[in-house]
Protein chains: 2
Amino acid sequence: MARFAAVHEAHATLASTRQVYPARAHLFHQGDIERGIHKIVSGTVTVYRVTADGHRQIEAFSGPGDYVSLCLCTTSPTSAEALSRVETNYVSREAFERRLLQEAQFRQTVFHEIDKASADARRQATLLACRCAKERVADFVLFLDSHFAPEADGYTPIRMSRCDMADHLGLTLETVSRMLNQFKQDGVIDMPRADRFSLKNRQYLKRLAGQNDEADRRHRRMAL
Amino acid sequence: MARFAAVHEAHATLASTRQVYPARAHLFHQGDIERGIHKIVSGTVTVYRVTADGHRQIEAFSGPGDYVSLCLCTTSPTSAEALSRVETNYVSREAFERRLLQEAQFRQTVFHEIDKASADARRQATLLACRCAKERVADFVLFLDSHFAPEADGYTPIRMSRCDMADHLGLTLETVSRMLNQFKQDGVIDMPRADRFSLKNRQYLKRLAGQNDEADRRHRRMAL
DNA sequence: CGTACTCTTGAACAATATCAAATAAAGTGG
DNA sequence: CCACTTTATTTGATATTGTTCAAGAGTACG
């Protein structure tokens with residue numbers, strides 16, 4: 001299996017460096033100590049953990065603008081793997097801590113990012129606790145549609161495998177495949193190939209996923 | 001249904017006031033705006049949300065020392081209900097925000113608390129995604145054992161109903177009951193009554209819950 | 001005591017996992 | 001560019017787990 005080296009373009013005067021990873025490369029591994037912080041510039045990253053009994057739980061598919069597995073513990077609770085070519089802005093742990101102490105504006109941003117990550121995790125827990133397979137996949141299709149731009153052919157690309165989706169949704173890859181093809185049969189999505197789709201009936205999926213239109217209002221967040 | 005009024009013991013010079021709630025009273029409701037922050041002094045609180053389709057998801061059973069549903073959004077994403085008589089230290093939203101801006105020490109504490117809440121939520125998501133009913137209940141029994149002190153009779157009290165446990169673990173109350181009684185049959189727990197138990201074989205439950213002994217090391221957290 | 005809960009237990013049912021095979025797509029080396 | 005190999009996806013048949021429905025047993029409370 002080939003090994004990849006990240007390309008470092010260090011700017012002597014800047015705390016953050018640009019890093020580039022090819023598809024399938026790891027940004028870091030579960031258990032890494034004193035790792036720094038990545039903010040994605042381009043590409044998609046899977047953030048996952050492997051449990052004691054060998055199950056893989058994908059916590060997030062992160063994209064441009066997202067911090068990867070942002071948390072305060074210095075030992076990484078997760079691994080992060082590039083799904084495609086990925087560029088990140090990387091800050092060493094040391095520089096990150098220094099900035100947190102010194103810059104109020106940065107501190108506020110990180111504060112809110114961690115709060116958002118927390119809200120996402122709670123949302124995911126609710127999804128896993130309360131919703132059936134069809135509803136989970138519906139929710140995920142809506143996520144794909146809203147987070148990935150359509151390509152030239154008009155179809156939204158599906159960059160992760162059925163297994164990746166399954167490990168994120170707490171299902172098996174067969175069940176994910178069945179639900180997607182059921183949506184296809186029912187004309188809810190157009191999926192000419194397994195790796196691309198286009199939404200035909202958003203309303204139907206939103207109803208399944210339990211997203212009401214009125215539940216879309218914004219919440220004020222604290223000024224800090 | 002009776003309504004309860006919280007007892008306010010305001011100290012004019014202090015930002016925080018002591019509040020007392022009887023069992024079954026709500027500290028606040030999902031959707032409340034500009035609500036303040038509670039830190040539990042004594043008693044147990046269930047933090048839950050109700051989804052659009054009416055499912056109740058219990059996010060946490062919080063006890064002394066815990067902040068109740070600490071997050072930065074001012075509209076409460078959850079409701080909080082007292083399981084027993086509960087005392088809290090309450091700070092208004094306004095005072096909370098002021099303290100956050102002014103006191104570095106307090107800010108750090110809150111920062112870490114939110115980070116911890118985030119880690120808990122991710123842990124819960126992993127539990128729901130990867131573990132079967134028996135393993136989830138095993139994990140919960142260990143939680144009960146470690147968070148609630150035994151009473152005079154030597155048994156650890158179970159303060160929540162089977163339904164509460166079910167809504168926390170993503171199961172039905174019947175399944176929870178079956179698993180608990182299976183543990184009882186197998187001599188893993190001693191449960192003379194439905195509302196108290198004592199652990200007989202911790203090792204067995206730890207193995208089920210996927211808790212290795214070596215996974216117990218502490219992680220360094222950032223100084224901030 | 002009797003009424004109302006909550007908990008337990010059983011049986012039938014439904015959803016999803018598991019196992020296995022067939023198909024499709026994507027690399028690989030000539 | 002084409003056969004060949006490998007990997008991912010789809011689909012079907014069966015097994016398992018947990019839910020649902022229903023009834024009975026404790027327990028609490030007036």
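Any value given below was found using the heavy atoms of this structure, including those in side chains, with hydrogens, waters and symmetry copies removed. Values in this document were obtained by computation on a predicted structure and should not be read as measured data. Sequence lines set the chain letters: A, B, ... in the order given, protein chains first and strands last, and positions in each chain run from 1.
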Undergrad: Starting at atom CZ of Arg131(B), determine the distance to atom C1' of dA17(C), rounded to an integer number of angstrom.
TA: 17 Å

Undergrad: Kindly point out which of dT11(D), dG18(D), dT9(D) is positioned nearest to the side chain of Met179(B)?
TA: dG18(D)

Undergrad: Rounded to whole Å, how long is the line connecting atom CZ of Arg136(B) with atom P of dT17(D)?
TA: 13 Å

Undergrad: Without swapping roles, check the side chain of Ser79(B) against the backbone of Gln30(B) for a donor-acceptor pair under 3.5 Å.
TA: yes

Undergrad: May I ask you to verify whether the side chain of Arg162(B) and the base of dT9(C) hold a donor-acceptor pair under 3.5 Å?
TA: no

Undergrad: Would you mind reading off the distance between His55(B) atom NE2 and dT19(D) atom P, rounded to a whole angstrom?
TA: 10 Å

Undergrad: Quick one: on DNA chain C, does Ala194(A) or Val176(A) contact a more 5' nucleotide (nearest heavy atom)?
TA: Val176(A)

Undergrad: Side chain of Ala133(B) only, please: which of dT11(D), dT10(D), dG18(D) is the nearest?
TA: dG18(D)

Undergrad: Looking at dC7(C), I'd like to know if its phosphate oxygens (OP1 or OP2) sit under 4.0 Å from a side-chain N or O belonging to Ser177(B).
TA: no

Undergrad: So for atom CZ, which belongs to Arg123(A), do other residues, nucleotides or ligands contribute more than 12 heavy atoms lying within a distance under 6.0 Å?
TA: no

Undergrad: Given dA17(C), is OP1 or OP2 found less than 4.0 Å from the side-chain N or O atoms of Thr175(A)?
TA: yes

Undergrad: Side chain of Glu174(A) only, heavy atoms from C-beta on: which candidate in dT16(C), dG18(D), dC19(C) is closest?
TA: dC19(C)

Undergrad: Nearest whole angstrom, please: distance from the C1' of dT8(C) to the CZ of Phe183(B).
TA: 16 Å

Undergrad: Quickly work out the Leu173(A) CG to dA17(C) P distance and round it to whole Å.
TA: 10 Å

Undergrad: When the distance from CG of Asp164(A) to P of dA8(D) is rounded to whole Å, what number comes out?
TA: 10 Å

Undergrad: Considering only side-chain heavy atoms of Asn181(B), which listed nucleotide, dT8(C), dT9(D), dT19(D), is closest?
TA: dT8(C)

Undergrad: With a 6.0 Å cut-off on the ring centroids, do Phe140(A) and Phe61(A) count as close?
TA: yes

Undergrad: Using the ring of each side chain (for Trp, its six-membered ring), is His38(B) parallel, tilted or perpendicular to Phe28(B), with breaks at 30° and 60°?
TA: parallel

Undergrad: Rounding to an integer number of Å, can you tell me how far Leu169(B) CG sits from dT17(D) P?
TA: 18 Å

Undergrad: Counting heavy atoms from C-beta on, name the nucleotide in dA13(D), dA28(D), dT10(D) closest to the side chain of Arg193(B).
TA: dA28(D)

Undergrad: Under 4.0 Å, heavy atoms only, any strand: does Ser161(A) hit a base, just the sugar-phosphate, or nothing?
TA: sugar-phosphate

Undergrad: Arg178(B) CZ to dT8(C) P: how many Å, rounded?
TA: 11 Å

Undergrad: Between dT19(D), dT10(D), dT16(C), which one does the side chain of Thr172(B) approach most closely?
TA: dT19(D)

Undergrad: Could you give the distance from NZ (Lys116(B)) to OG (Ser118(A)), rounded to the nearest 0.5 Å?
TA: 11.5 Å

Undergrad: Nearest of dT10(D), dT16(C), dG18(D) to any side-chain atom of Leu171(B)?
TA: dG18(D)

